[in-house]
Chemist: 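One structure follows; several queries about it will come next.
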Amino acid sequence: SGTIEVLPGTYTFNATVQITKPGVRISGGPNAVVRLPAGFVGPLFQVRATATDCILDGLTLLFEGGNSDAGGRSMLDVVGH
């Protein structure tokens, strides 16, 4: 468990962040933007069943590319039992 603080800025992720431990909090400060680039389909965050009490807050999640590019892409995948 613990907190990951995302500082102000724009961050581009090219790989999935898997959250498997309970009690993880990913918290964004003012103007914290996580961007999914055009060529990455995602998911950006994958929360597994073992990651109970997972919290994502204060982040702006942004698709790179136009609205037509967003189809079929995933920011968040929650996998339960």
Chemist: Do you know which of V34, V33, T10 makes side chain to side chain contact (heavy atoms under 4.5 Å, CB included) with L62?
Modeler: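 Testing each of V34, V33, T10 against L62, the sole residue satisfying side chain to side chain contact (heavy atoms under 4.5 Å, CB included) is V33.
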
Chemist: Which distance, rounded to the nearest 0.5 Å, do you find between the CD1 of I55 and the OG1 of T3?
Modeler: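 I55 atom CD1 to T3 atom OG1 measures 8.0 Å (nearest 0.5 Å).
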
Chemist: With rounding to the nearest 0.5 Å, note down the distance linking CD1 in I19 to CZ in F45.
Modeler: 6.0 Å

Chemist: Donor-acceptor check, side chain of T52 to backbone of P22, threshold 3.5 angstrom: yes or no?
Modeler: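 Pair absent, no side-chain N/O of T52 close to backbone of P22.
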
Chemist: Any chance you could measure T12, atom OG1, to F40, atom CZ, to the nearest 0.5 Å?
Modeler: 11.5 Å

Chemist: Enter the distance from L36:CG to L44:CG here, rounded to the nearest 0.5 Å.
Modeler: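 One gets 6.0 Å once the value is rounded to the nearest 0.5 Å.
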
Chemist: Pick one: which of V79, V17, D77, V78 meets side chain to side chain contact (heavy atoms under 4.5 Å, CB included) with P43?
Modeler: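 Output: one option passes, namely D77.
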
Chemist: Would you say L61 and V47 are hydrophobically clustered, going by side-chain heavy atoms of ILVMFWY under 4.5 Å?
Modeler: yes

Chemist: Hey, what do you get for CD1 (I26) to CG (D57), rounding to the nearest 0.5 Å?
Modeler: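 Rounded to the nearest 0.5 Å, the CD1-CG separation comes to 10.0 Å.
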
Chemist: Atom CG of L59 and atom CE of M75: how far apart are they, to the nearest 0.5 Å?
Modeler: 10.0 Å

